[in-house]
Amino acid sequence: MSFTDKAKSRAQELAGAAKERIGDATDNERLRAEGANEQSTARARQAGQNVKEAGRNVRDAFDK
């Protein structure tokens, strides 16, 4: 995962957290749900990329 991809995922996660907090403060269920969804999406993308990187590291360890 490139630095740009990591930054985009982190920005999406932070934006989702902000939406969720604003939804909590304004008692807006739709905004709260959108924020939670954005956070989940960003975390899932990060987890997928971490698994990919781990696979590459294992492959590289066997190549040496």
Output the distance between atom CZ (Arg45) and atom NZ (Lys8), rounded to the nearest 0.5 Å. 9.0 Å
Rounded to the nearest 0.5 Å, the CZ atom of Arg43 sits from the CD atom of Glu38 at a distance of 12.0 Å
Can you tell whether the side chains of Arg56 and Glu53 come within less than 4.0 Å, N to carboxylate O? no
Going by side-chain hydrogen bond (donor to acceptor under 3.5 Å, both in side chains), name the residues that satisfy it together with Asp24, two or more places apart in sequence or in a different chain. Arg32
Heavy-atom pair of closest approach, residues Gly16 and Gln39: C-NE2, 3.4 Å
Between atom CD of Glu34 and atom CD1 of Ile22, what is the distance when rounded to the nearest 0.5 Å? 11.0 Å
If every non-hydrogen atom of Ser9 is compared with every non-hydrogen atom of Ala42, which pair is closest and at what distance? O-CB, 3.4 Å
Point-to-point distance, once rounded to the nearest 0.5 Å, from CD of Gln46 to OG1 of Thr41: 11.0 Å
So which atom in Ser40 and which in Ala36 form the shortest heavy-atom distance, rounded to 0.1 Å? OG-O, 2.7 Å
side-chain contact (heavy atoms from CB on, under 4.5 Å) for Gln49 and Asp5? Distances and angles first, verdict last. CA-CA 9 Å; Gln49 290 300 325; Asp5 292 337; 5.8 Å; no
Contacts of type salt bridge (Lys or Arg N to Asp or Glu O under 4.0 Å), residue Arg21, not counting sequence neighbours: none
